[in-house]
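Right, one structure below, let's go through it.
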Amino acid sequence: MPARPSAALSVIVTGFVLLAAACGSSTGLPSATFANTVDTVSLFALSDPNVQRPSAYSVAIKSTVRTDLTTAFDFAFDFDAQHRPVLYPPGAVHLGNSAGLQPTTASFPSISLAPTTGYVRDSALVIGVDAVVVVQSRPTACLTGITLPFYGKLHVLAVDTTAHRLDFEVLVDENCGYRGLAPGLPSQ
């Protein structure tokens with residue numbers, strides 16, 4: 001009588017087959033299911049007296065967050081000692097340097113693919129009106145069980161020093177691990 005594979009081996013083989021079937025590209029990522037769209041967002045300075053307003057943004061959940069309620073964000077907004085508007089990745093405020101920011105001189109619409117290297121992770125990034133920044137989120141567990149970052153890009157529309165507010169447009173690729181930053185269904 002031939003030897004029967006163990007239950008553990010059957011689970012491993014079945015899991016591998018399911019994972020391989022879910023992966024629709026050479027990158028090992030499942031096929032993209034979410035179309036990229038541009039949103040307009042406002043953040044309020046960390047130093048704003050009203051702590052109940054959002055001062056940070058999470059790329060993975062595509063939402064503003066309050067830093068008094070969570071430390072799970074990819075960048076926060078404030079003004080530095082010279083009263084310049086700045087974005088802080090978590091590493092700049094001693095929360096680990098897993099998320100990063102990358103300033104660029106490219107126009108917001110022309111950025112179609114996020115870079116894989118060159119992100120500022122541990123220091124503030126001075127910004128101004130019309131600044132364009134690419135964001136790499138902290139690694140997040142994807143539906144496939146692998147851990148990868150999400151990517152996004154933002155374009156600063158306005159900085160209101162009186163209201164302590166930053167307005168920007170943002171496009172986030174909600175497909176875990178995809179770097180495509182053009183509107184519509186990404187191919188990468």
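Sequential numbering from 1 along the given sequence is applied to the chain's residues.
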Open item on the list: Using the rule that Ile, Leu, Val, Met, Phe, Trp and Tyr join whenever any side-chain heavy atoms are under 4.5 Å apart, tell me whether Tyr119 and Ile111 fall into a single cluster.
Closed with: yes
TODO: Indicate, with yes or no, if Val41 and Val59 share a hydrophobic cluster defined by side-chain heavy-atom contacts under 4.5 Å among Ile, Leu, Val, Met, Phe, Trp and Tyr.
DONE: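 Same cluster: Val59 reaches Val41 through Ile, Leu, Val, Met, Phe, Trp or Tyr contacts under 4.5 Å.
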Would you compute the distance between atom [atom1] of [X] and atom [atom2] of [Y] and round it to the nearest 0.5 angstrom?
X: Cys142; Y: Tyr178; atom1: SG; atom2: OH; value: 10.5 Å
X: Leu166; Y: Leu87; atom1: CG; atom2: CG; value: 6.5 Å
X: Lys153; Y: Gln102; atom1: NZ; atom2: CD; value: 13.5 Å
X: Asn50; Y: His164; atom1: CG; atom2: NE2; value: 11.0 Å
X: Thr140; Y: Phe150; atom1: OG1; atom2: CZ; value: 5.5 Å

Can you list the residues that meet the side-chain hydrogen bond (donor to acceptor under 3.5 Å, both in side chains) rule with [X], with sequence neighbours excluded?
X: Thr105; answer: none
X: Thr67; answer: Ser55
X: Thr37; answer: Lys62
X: Ser47; answer: Asp78

Open item on the list: Side-chain heavy atoms under 4.5 Å apart, restricted to Ile/Leu/Val/Met/Phe/Trp/Tyr: what other residues fall into the cluster of Tyr88, or is it alone?
Closed with: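 Same cluster as Tyr88: Leu46, Ile61, Val65, Phe73, Val86, Val93, Leu95, Val126.
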Which heavy atom of [X] sits nearest to which heavy atom of [Y], and what is that distance?
X: Ser137; Y: Pro149; result: O-CB, 3.3 Å
X: Leu125; Y: Pro103; result: CD1-CG, 3.7 Å
X: Thr147; Y: Ala141; result: OG1-CA, 4.0 Å
X: Asp173; Y: Asn36; result: CA-OD1, 3.2 Å
X: Pro89; Y: Ala99; result: CB-O, 4.0 Å

Pair up each side-chain donor or acceptor in residues 128-136 with any protein partner under 3.5 Å, not counting sequence neighbours, and list the distances.
{"unit_1": "Asp130", "atom_1": "OD1", "unit_2": "His155", "atom_2": "NE2", "d": "3.1"}
{"unit_1": "Gln136", "atom_1": "OE1", "unit_2": "Arg121", "atom_2": "NH1", "d": "3.1"}
{"unit_1": "Gln136", "atom_1": "OE1", "unit_2": "Arg121", "atom_2": "NH2", "d": "2.4"}
{"unit_1": "Gln136", "atom_1": "NE2", "unit_2": "Tyr151", "atom_2": "OH", "d": "2.9"}

TODO: Provide the full list of salt bridge (Lys or Arg N to Asp or Glu O under 4.0 Å) pairs with a residue in residues 133-149, sequence neighbours left out, each pair given once.
DONE: Asp74-Arg138
Open item on the list: By the definition side chain to side chain donor-acceptor pair (under 3.5 Å), identify the one residue from Asp68, Asp48, Thr64 that meets it with Arg53.
Closed with: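 Among the candidates, only Asp48 passes.
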Open item on the list: Phe77: which residues meet the ring-ring contact (aromatic ring centres under 6.0 Å, His included) condition with it, sequence neighbours left out?
Closed with: Phe79
TODO: Just do the side-chain contact (heavy atoms from CB on, under 4.5 Å) check on Tyr57 and Val172 with the steps written out, would you?
DONE: CA-CA 11 Å; Tyr57 191 83; Val172 171; 3.8 Å; yes
Open item on the list: With heavy-atom distances below 4.5 Å as the criterion, would you say the side chains of Leu181 and Ser112 are in contact?
Closed with: no
Task: Test item: Val38 and Phe108 side chains (from C-beta on) under 4.5 Å apart, heavy atoms - done: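 Touching, per the 4.5 Å side-chain cut-off.
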Taking only residues two or more places apart in sequence or in another chain, which ones pass side-chain contact (heavy atoms from CB on, under 4.5 Å) with [X]?
X: Arg165; result: Ser42, Phe44, Asp160, Ala163, Asp167
X: Thr40; result: Leu157
X: Ser123; result: Val120
X: Pro109; result: Ser107

